[in-house]
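Single-structure report; data block below.
Every chain is numbered from 1 and lettered A, B, ... according to where its sequence line falls, protein lines coming before strand lines. In this text the structure is predicted, and so the values were computed from the model without any measurement.
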Protein chains: 2
Amino acid sequence: MSISSDLSNARRRLPRQDRGARRVAAILQAAAALIVEVGYEAATLTEVAARAGASIGTLYQYFPNKEAVAQALRVQYGDEMAARWTPLVAEAARLGIADLVERLFAVMLGFLAEFPAYLQLLDITVDNRRDPVARNRLREHFALLFRAKQPGLSLKEASRVANVTFQILKSMNRLWTQSSADERRALVKEYKLALTSYLNARLGN
Amino acid sequence: MSISSDLSNARRRLPRQDRGARRVAAILQAAAALIVEVGYEAATLTEVAARAGASIGTLYQYFPNKEAVAQALRVQYGDEMAARWTPLVAEAARLGIADLVERLFAVMLGFLAEFPAYLQLLDITVDNRRDPVARNRLREHFALLFRAKQPGLSLKEASRVANVTFQILKSMNRLWTQSSADERRALVKEYKLALTSYLNARLGN
DNA sequence: AAAGAAGATGAGCATATCCTCAGATTTGTC
DNA sequence: GACAAATCTGAGGATATGCTCATCTTCTTT
């Protein structure tokens, strides 16, 4: 069971030439775009291959199945996300809560503008379970950030506050995607108020 | 297009005998249970029929496809939800924000304990879109509640606060389902703090 | 108890998606 | 330019799921 799922997530072939690396990149990009358009479930690897300008056989040489493609995207996004969090964690202690919330939103909104498939991929369920690796990685980043802001928090508490904060941030996406430009501005303001109020009450000054 | 989607959501045959009504009820119950277990996408109507003790042909006499089954469940849940909100809306004006939040949680947690498939059904996407009927119905209930609490709010504002509140409430489910009993208690406390802080700041005293 | 209406059955056709594989093509190396 | 390794191709086999329909059973009505 664990072995087979390990294998199913592994790359089948690692690209050894430039051509291969470009193919893999094109496939991942096409997959992300298609997932955003039609959703993960409805996205077929045949269509992904076509959009990437590759044959279906080529795709299957690099990825054994759809979940492996999703996993590769998650890893890529996770790396990119980590790169954007790290400086924020270092600054957290110096920032007031309102400023911290501003920065959180800037990072999240910037990231989602660039990688709109991110949240969809996080929410994908395999056997009705979400990917624990990607989840834990994010939670740890958030937890670090809140402990930097307030060292008095226990690890468990920091982790819980991190979870709640991230869930709330994430929940904005649902409304965001179906709003007009004006409504989006108001929505962000509303969510900033919600998070600021919560974190003020929780990490209180 | 709109006609075909209307037809696809319609019941194929309405039960006219007790036996039929019981069959439909059994099918819906089996569908809800299966969806909770394996998720909407992975749930097949063949399996639903088997669990309901019916043949696949019987199921298809009442429902033309899976989406129609989901829609029937949504309608059923929507009715039940409305029945639980209505008394709360009437009381809202008299309650303080902390009490209001307590009641919101009581209603939601009670409902989800009884109908765990509810949120999954709300989040289902058809053609990558969610069901606007079920969404609007809930939003309007929430908006009414906040206007009862504070008549000064514009309809748009009340609707926005309602949306944000519901999204935040909903986001708790993700963490809830994967927590132990102890962690759940702490989680609810955390979310109550978050919502209370937000609504206090928004509807201010 | 007869007849029509409602309900039930499940083998099997239609369709769709996953994924393989034998062979062709391109690239790198000497 | 010759050879090997890497890459690419896409028809089609395997499998899964959606859904139909001819036929049978049960219920209701008179």
Side chains of B:E80 and B:F115: does their closest heavy-atom pair fall under 4.5 Å?
yes
In Å and rounded to the nearest 0.5 Å, what is the CD to CD1 distance from A:E41 to A:I35?
10.0 Å
A:D18 CG to C:dT26 C1', straight-line distance once rounded to whole Å:
14 Å
Distance in angstrom units between A:K66 NZ and C:dA16 C1', rounded:
12 Å
Mind calculating the distance between CZ (B:R22) and P (D:dT26) to the nearest angstrom?
14 Å
Any side-chain donor paired with an acceptor under 3.5 Å for B:N163 and B:R160?
no
How long is the straight-line distance from CD1 of B:I97 back to CZ of B:R202, given to the nearest 0.5 Å?
11.0 Å
Pair B:Y198, A:T196: side-chain N/O donor-acceptor within cut-off below 3.5 Å
no
Any B:I168 side-chain heavy atom under 4.5 Å of B:T165 side chain:
no
For nucleotides 3-5 of chain C, which of its nitrogen or oxygen atoms have a protein nitrogen or oxygen under 3.5 Å away, and what is each distance?
none

Please work out which residues in residues 39-48 of chain B have a non-hydrogen atom less than 4.0 Å from an atom of DNA chain D and list them by number.
B:T44, B:L45
To the nearest Å, give me how far apart CG (B:L59) and C1' (D:dC21) are.
16 Å
Side chain of A:S55 - closest among D:dT9, D:dG18, C:dC19
D:dT9
In terms of heavy-atom contacts, A:A68 and A:P64 come closest through CB-CD, 3.6 Å
What is the distance, rounded to the nearest whole Å, between atom CG of A:N65 and atom P of D:dT15?
17 Å
Given atom CD1 of A:I56 and atom C1' of D:dG13, what is their separation to the nearest angstrom?
15 Å
Please state how far atom CD in B:E67 lies from atom P in D:dT17, giving the value in whole angstrom units.
19 Å
Proximity to the side chain of A:R13 - top-ranked nucleotide from D:dA6, D:dC8, D:dC27:
D:dA6
Beyond-backbone contact of A:E157 with A:F146, side-chain heavy atoms, under 4.5 angstrom
no
Using the closest heavy atom to pick a nucleotide of DNA chain D for each, name whichever of A:G57 or A:G20 lands nearer the 5' end.
A:G20
Strictly below 4.0 Å: does B:Y60 bring a side-chain N or O up to OP1 or OP2 of C:dG10?
no
Residue A:R19, side-chain atoms from C-beta onward, closest of C:dT26, D:dG18, C:dA8
C:dT26
If I take atom CZ in residue B:F63 and atom P in nucleotide C:dG7, what distance separates them, rounded to the nearest angstrom?
13 Å
When you look at B:R135 and B:E140, which way does the salt bridge (Lys or Arg N to Asp or Glu O under 4.0 Å) test go after all the steps?
CA-CA 9 Å; B:R135 295 185 78 70; B:E140 276 168 30; over 6 Å; no
